[in-house]
Every structure is written in structure tokens, then in C-alpha cells.
2 protein chains.
Amino acid sequence: MGNKKKAVTIHDLAEELNVSPSTVSRALNDHSSIGKQTKNAVRKLAEARGYRPNAIASSLRTNRSNTFGIMAPWINRPFISSLISGAEEAARESGNRVIISQSYDNRELEKENLQVLYDSRISALIVSLAMETTDYSHFGLFAKNGIPVVFVDRFPARNDIHKVHINNFSAAFEATEHLIGQGCRRIAHIGGGRHQGIYEDRWSGYIAALKKNNLLVDESLILQATSLSAEEGMRLTEQLLDNAHPPDGIFCANDTTGVSAIRCAKSRGIKIPEELAIIGFNDDPICEIIDPPLSSVHHPAIEMGKAAVRQALAILQGNLETESESSVTLDTYVVARASSDRKMDSALTAGIVTLEEENVPDNSSAGKKKK
Amino acid sequence: MGNKKKAVTIHDLAEELNVSPSTVSRALNDHSSIGKQTKNAVRKLAEARGYRPNAIASSLRTNRSNTFGIMAPWINRPFISSLISGAEEAARESGNRVIISQSYDNRELEKENLQVLYDSRISALIVSLAMETTDYSHFGLFAKNGIPVVFVDRFPARNDIHKVHINNFSAAFEATEHLIGQGCRRIAHIGGGRHQGIYEDRWSGYIAALKKNNLLVDESLILQATSLSAEEGMRLTEQLLDNAHPPDGIFCANDTTGVSAIRCAKSRGIKIPEELAIIGFNDDPICEIIDPPLSSVHHPAIEMGKAAVRQALAILQGNLETESESSVTLDTYVVARASSDRKMDSALTAGIVTLEEENVPDNSSAGKKKK
DNA sequence: AGACACCTCACAATCGATTGCGCCATTATT
DNA sequence: AATAATGGCGCAATCGATTGTGAGGTGTCT
């Protein structure tokens, strides 16, 4: 079959029905000024000829691409891929498409790929920043052209942005207090680079919990990772356990390093959670696979993706002040598993302790940044 | 700032330079018929005004959207998200964008979302079929309009398609022979629905390995899962272990069920791999997390994504007969870990045994379907 | 019957970039 | 010196859908 024949257009339908293309267009869009018989005839023929609207032509004319762009560091990480999954679903349900792009945590690539997304005239952009990024000038392209940008997870330390996030401070605070509640008194922290706000907040939530409970803040127990990789987690845990006064609890800024901490401790014959309690962050699938199962802070990835799309839609519909900030804060909760739960009979199914957050509703909300 | 101002177009640049839009267009595209001075002037002004081409307008005129569509069951599974990651990279490097869509393993949703992708006039489609899908008529839309479709992983049982895949038969054959090499004599199989070719091939590879080694094919040790979920894996493993003559090895069609098999066996006090050797499929990250680490068949997810894009590009450039079949087969290998390696000192770092496949090159190849 | 109001639909411009064709002005050719 | 051969650029159509404006026909009301 020579199948390079061109796709059916409204002109084809118009010609066959002896009406004008505008009538076909209006009939298909159920415009009020078209008669019922004409509408039916047009629809019937469209169906018969397998007509499908050309979204490109429509976008050009209406200046609305109905396409969201997503820029993330890596799309094959559990947290991000789930976020994208949620965003895709919310976008589809609202008649939008999703273009993806990854920065590999590299600012240059982030910048280049943002240009491409802009060239596609995306309706809105959803971004999780590259680890490297501390200069946000490359987002000016979108701001200057009135294209909404919604940050998720990793966002700039500024007030005039839209974002969907969790309260990293209180999440970290609760994770740390969870360890304290288990009897830990020397709690270490393996954190991420503090130039990224989320890691700074997790660090300060940890500090705040220690202080509130009158525990010593020992700088030698606070380590800063650059990539939060498995290898780094292993190395940093070694360092902690080599400490003259080793910790009895570790709060890790992600699950990858949390798993490394468990493995490292196990290899030294340290009993978990009796001698060392460990909690991670994200609630990745590996938490349930590792032995003992890793406690973690549940990070609502899919919901974040959906919320980001909903927020972008709200901005586009003018329901939100485009000019000002707006932020949606989603709930997190500590998932206590055997790696930290000293009261739990680990032979039983892992129980789930949900610590409510004092925060914000589910769907949307406008919050003020602290300070 | 009232920032709803319209984006800069070639008309704006043309007016400012007192040349025609066509000259601007040709200058930016380095057309030979434009003078050097004019080119420089145009480029300089474009830079200064922050001009960025409108990809939508360009697509409409040239009839090339430079966009690939990806349809997958779930984008937040390790294998798929890695595949997408590879596809995104290869697409970007060739100047293309990527639109994603998920079917949630539901044929109806798959069909609806394929329409949306078609409406976007994607240049080519990359698909991993929904588990449910056995009727492929909804792909006719693309075939009729000359849009290349490349199947990855799960593909239709037909000859006239393009696909990127692994040799599931030989991969399963090798996985099974690996267990046999470890001394297993009663090997069970937890497989997927055989209406999906890949699971049928894994099953037949397993059977072939048993027969070649003169082992009994016991139907009571061959179970067919519908979702290959963790719960299902648990249930089916229970069933195997309750067998009057329980197996001494299990070959699972994915890692999720492989992990379940390990857990189930451990909960019964069965020694792994001494009493029961287990191997999964995919080489997901969880394989290295579970204790003991799960042996698996390495599935080159990122490479499959890249290969799919490359194949689509080749078709678009006419380097491949669009009319006929074409398939790229990628290499797999068995990753032996402690869950099956009876010779390995499990106290040491997990060794990696690579069994070479007798198959095909890396980049591309045209293979003939068997039968 | 005349005037007005609808109801239906066609015309033509438009979105921004691309491209075949042709025009004008140099420069080369004989 | 007249003509041919370029080089450099503009004109206008085009891609497919949308939409403001207005035209033709029918019906209603007084």
C-alpha cells in the first residue's frame, strides 16, 4: 500500500458536503450558529472519513498549544517518574499533552532543553531543578512571555514563584522526633547540598527537633552529601560509625542513602533498630524490599504531579494571581518500619504509623513563605 | 509587569531590518541565497530581541512535527521509565521532542490516548502494549497515515511490524540453564499471560532448557500470572512450595514476583539458594536490595529506548523499508547473584557472571521472525 | 405588505514560518 | 556594447483550523 496519502482535513469534508470549511469547523465544535442537520451531517462524514483535527494547526491559530512541559533531573527515578505519571494523568484529563525533558542535574542542559520547550510554545512548565542550578535566569524566557512556571520538589529560594512542595522542615522535624521517640539520643544526619532549599529545610527541621528535645547538636554527626548516591551513603555511614561516639540513630535525606546506612551497619554486625535506628526520605519502593524495611517520610509523588498541573491550569484560567507567588503544600507522614521501630514485633507485618502534619488542605491553597 | 506581550516573530525582525520575512527565515536557516551581511544582521537582531522560532508554525508548514510519541502501560515502573529516559535522550540529540502517554494496561485508554497522539501529528510512535491488548486495530490510524510505529518490549504477534526487543526465548533459556547449572532439577516457572508474546517466549525458552537437559516438565510447577504483581508472586510461590514435590529452583518472569518468591521462601525457613534457587527477569534496582540479592536477566531498558528512536528515525529517513518488517534485537545476559549462585561465597561482594548471548549486534539489525 | 429579527452559513483574514517563482542589479562573457 | 549569468532578495501562496463580519433566506408581527 502506498500510504503516504495526506490526512483528512476540514476542507475535504467541506468539499464533499458542499459547505464551507468554517461551517465544518463550527459544526465539529458544536457552535450554536450551525443548524442541527448540518452538524449531524458533518459529524457523520467526519467519522466515516476518519477525520481527526490537526492539533498543530489549531494551536497555531488559537495560540494555545494545550501542552505542558516537564523538566526534571532524571525521569527514571522512582520519585520523579511517579510525579510525571501523576502529571500526565491530570494533564490528559484536562485535555492537555505532556512533553518531557531531562537535565541530568546539569544546568547547561537544563537551559538548552528549556529553550526547546519554549520553542514548542508549551502552555505551562513544570520543573524540578537540576541539583547544580542556583542561577535561575534561564527561566526568564517563560516569565517574559507570560508562560506559567510551577516548581515541584526542588525550587528556587525566592518568593515570587509558584510551587508545589511538601513542608520539608516539619517532615524532617517529625522524622527526627520519631527517632527520638524510639529512644535515640545521638542522632546523625546525612543531608543533601544545602544550597538546595529542600535539603536546607530538612537539615533545619532535624536541628529544630534536636533542640526542642534538649539533645546535643554534634557537628561531627551532620554530614552533607553532594549526590546522595548509594556509594556516598555507604561512605558517609562508615564515617559516622567510625566516630568516637557513634550515633544511635540516623536521619537520611533520601532512601538511597538510608538503604546504604542499613547495609553498612549490618555489615558491621550492628543491630537495627536496637543499636541503630534509621529513617530515610521519599518512601521509595526499595524501603519495603530492604531487610529490615526502611522507615521513611512518605513523599506524595503522584499527588505532587497532579497538583502541579492543577495549579498551572488555575494560573492559566486566571484563577490565581499570575504576578504573585502561590504555593501548594502537600501532606507528608512518617512511615515507621522495622529499621526504626523498636516497639514493633518485626515478625509481624510492618505496621504503619501515620503522624499527621499540621498543614494545609489537599487540593490547593495559597501559603505565605516563611520569613 | 504586564507581560502578556506577544512573542517575537520573523515579521518583527523583518520590519525592523527593512527586509522581508522570507529573507529572515532563510537567513536563520542559513539558506545559500542570502548574503553574508544580511545573515549576520538578522542573526544579531534575533539574538538581541530574544527571538525563538515558533515550532508550531514551522510544523504546520513543513508537515513535520519533530515529535515522537511514547505510549506505555505505566511510566513509573523502573523498566519503562528507563526506556523513556533513553528515548528522550536519543530524541533530543536528533532534534526531536517526546510526548508521553500511559495506558494503565487498559486497551480503551490506550486507544483514546493514541488518538490524542495522532492529533498531535507525531512523527513516529513508540509503544509498549497494554497487557490487555490483543486486538491491534487502533494502530491502523498510524499505519494508514504513514506514521511509523515501533514496538518495544511487548509487541503484537505479527510479522509486518517494526520492533525493538530482546530474545525472550534465549534469555529465558539461559536463565533456566543457569539454574540447572547450579544443580537444580525441579525448576518451577512463574510466567505472565501467554497471549503476550514475550511471556510465551519466556515460557517456551524455559521448556526448551528443561528438555535439552532431560529434565521433567511438570505442569504443576508452571504457573501463569495475570499481573505479575508482588501479591500474585506471593500467592503463586505459596502454591509452589505447597506442592507435594516442591521445586528446587524458580524462574520468575519478572523481578517483582522474584522478590516475592524470596520472601515467601524465607518466611518458611527455606534456605536460598541451597534449598531453593531463584532468578527473576529485568534486573530492576530491587534485585540488589533484597536479601539475598536476586539473580536476574539484564534487560537493557535505556538502550531499548534509544534503539527505538533510532529505528524510527531510520524509517522516517527512508533507510528502512516502511512496508516490511524490521526488528532490532538487543543483548541480554544473566546476572548471577546470591539468590541462585550456590558456588558463590555470599559473604563477598556479589559476583557477576555474564553469559554471552549468541545473538545479533548492538546497534541495529534486521532479523527474521521465527516460523 | 413592509419591516424587523432570526437562523444558517460563506468570505476572508489570521496564526508564524516556509518556499517556488520571479524581479532587479551587478558582474562576466564574447 | 549588448547579452547572458549569476547573486540577493521580495511576493505571495501555503500548511489546517478558527473567527469576526456580513449576506441570504425564512418567519413573525403589526
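Proteins get letters first, then strands, A, B, ... in listed order; numbering begins at 1 in each. Worth knowing before you read on, the calculation uses all heavy atoms, side chains too, and leaves out hydrogens, waters and symmetry mates.
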Residue pairs, two or more places apart or on separate chains, that pass ring pair (Phe, Tyr, Trp, His ring centres under 6.0 Å) and touch residues 10-53 of chain B = none
Could I get the full list of salt bridge (charged side-chain N to carboxylate O under 4.0 Å, His left out) partners for Arg77(B), not counting sequence neighbours?
-> none
Presence of salt bridge, Glu303(B) and Arg310(B), under 4.0 angstrom = yes
For the pair Glu88(A) and Lys306(A), find out whether any cationic side-chain nitrogen is under 4.0 Å from an anionic carboxylate oxygen.
-> no
Please state how far atom CG in Asn18(B) lies from atom P in dC11(D), giving the value in whole angstrom units.
-> 12 Å
By salt bridge (charged side-chain N to carboxylate O under 4.0 Å, His left out), Asp12(A) pairs with (sequence neighbours left out) none
DNA chain D contacts made by residues 34-47 of chain B, counting heavy atoms under 4.0 Å | Ile34(B), Gly35(B), Thr38(B)
Looking across every strand, which nucleic acid part, if any, lies under 4.0 Å from Val24(B) by heavy atom: base, sugar-phosphate, or nothing?
-> nothing
For Ser137(B), the side-chain contact (heavy atoms from CB on, under 4.5 Å) test, sequence neighbours excluded, returns Arg107(B), Asp135(B)
Keeping to residues at least two apart or across chains, list the ring pair (Phe, Tyr, Trp, His ring centres under 6.0 Å) pairs with something in residues 81-106 of chain A.
-> Trp74(A)-Tyr104(A)
In this structure, are over 12 heavy atoms from other groups packed under 6.0 Å from Gln115(A) atom CD?
-> yes
Annotated protein contacts, base or backbone, on nucleotides 15-20 of chain D with a non-hydrogen cut-off under 4.0 Å, one of B, S, - each = BBBBBB
Grab the N/O contacts between the protein and nucleotides 4-6 of chain D below 3.5 Å, and write none if there aren't any.
none

Contact class for Asp12(A) (heavy atom, under 4.0 Å): base, sugar-phosphate, or nothing?
-> nothing
Can you run down the side chain to side chain donor-acceptor pair (under 3.5 Å) pairs that involve residues 57-66 of chain A, sequence neighbours left out, and say none if there aren't any?
-> Ser65(A)-Ser123(A)
Residue list, salt bridge (charged side-chain N to carboxylate O under 4.0 Å, His left out) with Asp30(B), at least two apart or on another chain = Lys39(B), Arg43(B)
Which part of the nucleic acid, if any, lies within contact of Asp119(B), taking any heavy atom under 4.0 Å across all strands shown: a base, the sugar-phosphate backbone alone, or nothing?
-> nothing
In short, the helix from dA1(C)-dT30(D) to dT30(C)-dA1(D) is bent end to end, axes from five pairs each side, to 10°, by 50°
Pairwise distance CD1(Ile147(B)) to CG(Leu125(B)) - rounded to 0.5 angstrom = 8.5 Å
Tell me, please, whether Phe151(B) has Arg154(B) positioned over its six-membered ring: NZ or CZ under 6.0 Å from the ring centre and within 45 degrees of its axis?
-> no
Would you please name every residue forming a side-chain contact (heavy atoms from CB on, under 4.5 Å) with Ser103(B), sequence neighbours left out?
-> Met71(B), Pro73(B), Glu110(B), Ala130(B)
